[in-house]
Amino acid sequence: MRLTNALLPLLLASAALAQSEPTASPQPELSTAQHVVVVTLENHSFSSVINNSSMPYLNAIAHDYAYGSQYYADTHPSIGNYFMLTTGQIITNNDNFNGTVSADNLVRHFSSTGKTWRSYAEGLPSVGYLGGDTGLYFRHHNPFTYFSDVRNSNPERQNLVPFTEFAHDLANGALPNYSFIIPNRCNDAHDCSLSTADHWLQANLGPLLANQQFQRTGLLLIVFDESFDNDPAHGGGHVALVAVGHAVKRAYASPSFYRHENLLSTVCASPVLYGCPGAGSSAQPMSDLFTNADLPFMDLSTWSVAYPQQGPQLTIGAGASDAQHSIVSIIAYLDSQIVARTSGSPLRATIPIRAGSHNLTVRAWNASGAYASATRTISVR
């Protein structure tokens, strides 16, 4: 067995090196955030949002924290973007779609990793509601209602809740690890003005940003699902993405090219999930939005690769210099499947590997909770 282009690390756990996603209880978190909140807005371009005086609140937090200057939606119309944010696939471009989605999705990964989630939809008539549009509620803005993991599970259906539950959960320290917030069709700027959406954001996100728990462990991602229909750039057009949180860079405009799958990958990394659905498994997290995300180990030249007499397996360990940079935990994916997790010292893992070409992705965390990610292709003969 020979490895080429093999400057690659491995991550987290000392045993359980199966090629499938494990269902064991999760390891201690060392992620950038324990509470991720995603808020979706509708149908406006980056140029109509960023620096627009109609949205003073959103622009204040965008310029105080960070925003993506080259962030693009994946498709038109809305529904495919909502599925990309949660399954890593477009699934359909039919906003009237009424089927059941059995594809891999975030709920499946939350369940296998023991993480909590809730979809807070404004105008949802009742907890667990799986029906169609009603009042100002649009079902196709709520992708979780389509997933077989939710439709076929009464406990999971209880995570579909009206938005009024969000204030209650926030006040009682009960925010889940992942919150997906869906304003109604007026407050998300679909039917009403950007000014209306901005007032809604200020009234409802102001308490979140002032919450002490969120200030210590939170990450807020505000994103527009798609741009105007006449903007087809990269599928769904140029849109605004704003990031707020304790580990987010301040006064930073990211020049990196990102799409919804990169936001999905970021969600999977914070808090740490076992794998990531669809395109989220190969997309890079939006690491440059966070402080200390450029970890020196990503050079990877300090990592050692060993070939035991008995194979096929590959052992990879951190170099001595990595301890100096406070790298304390790693997790590795081989062809989108988690293959190893480990933390502490030494950072070393052995994985099974078959002949052929493979993509190996490694994510690592330092002692302060910042993470970085790298992907390489390896060839085994």
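Nothing here was measured: the structure is a model prediction, and the numbers come from that model.
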Worksheet item: Hey, does L205 have a side-chain heavy atom less than 4.5 Å from the side chain of I222?
Response: yes
Worksheet item: Going by heavy atoms in the side chains, are L241 and M286 under 4.5 Å from each other?
Response: yes
Worksheet, complete the sentence: Those residues at least two apart in sequence (or on a different chain) that pass side chain to side chain donor-acceptor pair (under 3.5 Å) with E122 are N184, N187, W200
Discussion item. Name the residue from T116, N159, V37, V38 that meets the side chain to side chain contact (heavy atoms under 4.5 Å, CB included) definition with Y178.
Written reply: V38
Worksheet item: How about D169 and Y120: do any of their side-chain heavy atoms sit closer than 4.5 Å?
Response: yes
Worksheet item: Distance-only, no hydrogens or angles: does the N262 side chain make a donor-acceptor pair with backbone N or O of R259 under 3.5 Å?
Response: yes
Worksheet item: What are the two closest heavy atoms between F214 and V244, and how far apart are they?
Response: CZ-O, 4.0 Å
Worksheet entry | Qualifying residues under side chain to side chain donor-acceptor pair (under 3.5 Å), relative to S111, sequence neighbours excluded | none
Practice prompt. Indicate yes or no: at least one non-hydrogen side-chain atom of L41 is less than 4.5 angstrom from one of D188.
Written response: yes
Item to complete: Not counting sequence neighbours, which residues clear side chain to side chain donor-acceptor pair (under 3.5 Å) with S256? List them please.
Response: D288
Practice prompt. Quick one: sort the F147 and F83 rings into parallel, tilted or perpendicular, breaks at 30° and 60°.
Written response: tilted
Worksheet item: If you measure from CG on D225 to OH on Y82, what distance do you get to the nearest 0.5 Å?
Response: 4.5 Å
Discussion item. Taking the ring centre of each residue, are Y67 and H63 less than 6.0 Å apart?
Written reply: yes
Discussion item. Applying side chain to side chain donor-acceptor pair (under 3.5 Å), can you list everything that pairs with S69, at least two apart in sequence or on another chain?
Written reply: none
Practice prompt. Scan residues 141-230 for pairs that pass disulfide bond (SG atoms under 2.5 Å apart), counting only residues two or more places apart or in two chains.
Written response: C186-C192
Worksheet item: What do the steps show when you test H44 against F228 for ring pair (Phe, Tyr, Trp, His ring centres under 6.0 Å), and what is the final call?
Response: CA-CA 6 Å; H44 284 80; F228 300 132; 5.6 Å; yes
Item to complete: If a pair satisfies salt bridge (charged side-chain N to carboxylate O under 4.0 Å, His left out) and one of its residues is in residues 57-72, list it, with sequence neighbours excluded.
Response: D64-R250
